[in-house]
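All remarks here apply to the structure that follows.
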Protein chains: 2
Amino acid sequence: MVRVGLTTERLIRAGAELADEAGFDHVTVAALARRFDVKTASLYSHLKSSQDLKTGIALLALEELADRGAAALAGRAGKDALAALANVYRDYAREHPGRYAAAQLRLDPETAAASAGVRHAQMTRAILRGYDLTEPDQTHAVRLLGSVFHGYVSLEMGGGFSHSAPDSQETWTRILDALDATLRNWPAP
Amino acid sequence: MVRVGLTTERLIRAGAELADEAGFDHVTVAALARRFDVKTASLYSHLKSSQDLKTGIALLALEELADRGAAALAGRAGKDALAALANVYRDYAREHPGRYAAAQLRLDPETAAASAGVRHAQMTRAILRGYDLTEPDQTHAVRLLGSVFHGYVSLEMGGGFSHSAPDSQETWTRILDALDATLRNWPAP
DNA sequence: TCTATTTGCCTATAGGTATTAGGCAGATGC
DNA sequence: GCATCTGCCTAATACCTATAGGCAAATAGA
């Protein structure tokens, strides 16, 4: 009975790797146990439940994403900042599809409020400082940007844009151009 | 041994109802069997697998959505058409959250090509006839609209906009205004 | 109407996942 | 060096998916 040195931390990190390799929906307590060459039941000393594991991966992903976003935004403003943050999401999803999928997990309100999710909203709002929007319009714009980032990345990852011209990168650039123009010329009600 | 009269058709339709009531991820062959007061194994005469059931629900949802879209677009053009199709997605997701979630299921290429999914792309393209866009820009715009519709609806359903002002309906209206303006003034590369 | 065939739903079975309870043996503290 | 703690184990329960083979109800043919 060799002790492998399991930790909640290590398990969640390994779970994130498993998610990226096999897909988030293949993340199971059993699969994770196999990865450590340990019996499934052993993980329950460190994890409350399967849901707990998934939530942990989601929180990790949200944090990594927020860190990358903060780094990308530093020293940038306006369209530059817009494109930088947008690319953080898209690139992260391509590098870490499983983690990105985890980040979409619906969290219960308390967990969400304590997560890095709030930093994401703040970062998007920070971008809008480079544009001239009134307060309620800022919220509308935050929601628009969130929708486009999430929507585009999720459709792209689902293969929606794979087999047709023009290629996805071209569209992505043009969509960021369009969003920039929209924010500069935000229509009155 | 009373025969209940199971059919693939009936099973998929009941599965869609189950999805709306309990959530798409609670749709299982076992749960569906309980609903018909029948043993789980009995469903395998009509369904190849659990995946088969889920795919069936997805195809049903895509078709219902496409039908609603076609009806909504009839006789409309420009911003009117844009708002009509957008509302079809949003309303459908609210009325049938389970089916809507099913429609996001990733289908294998052949299945997708034979699905109502292609009608969705056609409808979005049809909207763009009311705007003045060159061919490649039309594709970019189709992808933008798809991203916003899907992204917004999915964030809204995840509760992302629930507990903050202004309310979601207001934002939705303003986003449609912004999209209309963007399409009318699509920026050159 | 009676018989023969089809077929719908059943039982039995095997294997996968989640989760809890209780046990033994390394690791740790005095 | 001994006592305690704690990490991983075995055992057990309860689902879920899926396949194989059986019996009886429905259907077709005479």
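Throughout, protein chains are lettered first and strands after them, A, B, ... in sequence-line order, and every chain is numbered starting at 1.
Nearest to the side chain of B/Ala41, among D/dT17, D/dA20, D/dC8, sits D/dA20. With D/dC16, C/dT17, D/dC8 as the choices, the nucleotide that has an atom nearest any side-chain atom of B/Thr28 turns out to be D/dC16. For B/Ala30, the side-chain atoms get nearest to D/dC16 when compared with the rest of D/dC9, C/dC9, D/dC16. For A/Val38, counting side-chain heavy atoms from C-beta on, the closest listed nucleotide (C/dC9, C/dT19, D/dC8) is D/dC8.
One finds no side-chain N or O of B/Arg10 lying less than 4.0 angstrom from the OP1 or OP2 phosphate oxygen of C/dG8. Residue A/Arg34 has a polar side-chain atom (N or O) positioned under 4.0 Å from OP1 or OP2 of C/dT17. Not one side-chain nitrogen or oxygen of A/Ser45 sits closer than 4.0 Å to the OP1 or OP2 atom of D/dG7.
A/Leu47 places its CG atom 16 Å from the P atom of C/dT17, with the value rounded to the nearest Å. Between the NZ atom of B/Lys39 and the P atom of D/dC15 there is a distance of 13 Å, rounded to whole Å. As a whole-Å value, the separation of A/Phe36 CZ from D/dC8 C1' is 14 Å. B/Tyr44 places its OH atom 16 Å from the P atom of C/dC9, with the value rounded to the nearest Å. One interatomic measurement links the two molecules: CG of B/Leu32 to P of D/dC16, which rounds to 12 Å at whole-angstrom precision. Rounded to whole angstrom, the span from the CG atom of A/Asp52 across to the P atom of C/dT20 amounts to 11 Å. Here the P atom of nucleotide C/dG8 and the CD atom of B/Glu9 are 15 Å apart, to the nearest Å. Put simply, CG on B/Leu6 is 17 Å from P on D/dA25, counting in whole angstrom units.
Each of A/Arg94, A/His150, A/His120 was compared with A/Tyr89 under the side-chain hydrogen bond (donor to acceptor under 3.5 Å, both in side chains) criterion, and only A/His120 meets it.
Under a 3.5 Å cut-off, the side chain of B/Arg106 and the backbone N or O of A/Met157 do form a donor-acceptor pair. Between the side chain of B/Asp20 and the backbone N or O of B/Gly98 there is at least one donor-acceptor pair closer than 3.5 Å.
For B/His96 and B/Tyr100, the ring centers sit 6.0 Å or farther from each other.
Across all strands shown, B/Leu43 has no heavy atoms under 4.0 Å from either base or sugar-phosphate atoms. A/Thr40 comes within contact range of at least one nucleobase, with a heavy-atom separation under 4.0 Å. A/Ala31 comes within 4.0 angstrom of no nucleic acid atom, judged by non-hydrogen atoms across all strands.
Around the CG atom of A/Asp37, the shell of radius 6.0 Å holds no more than 12 heavy atoms that belong to other residues, nucleotides or ligands.
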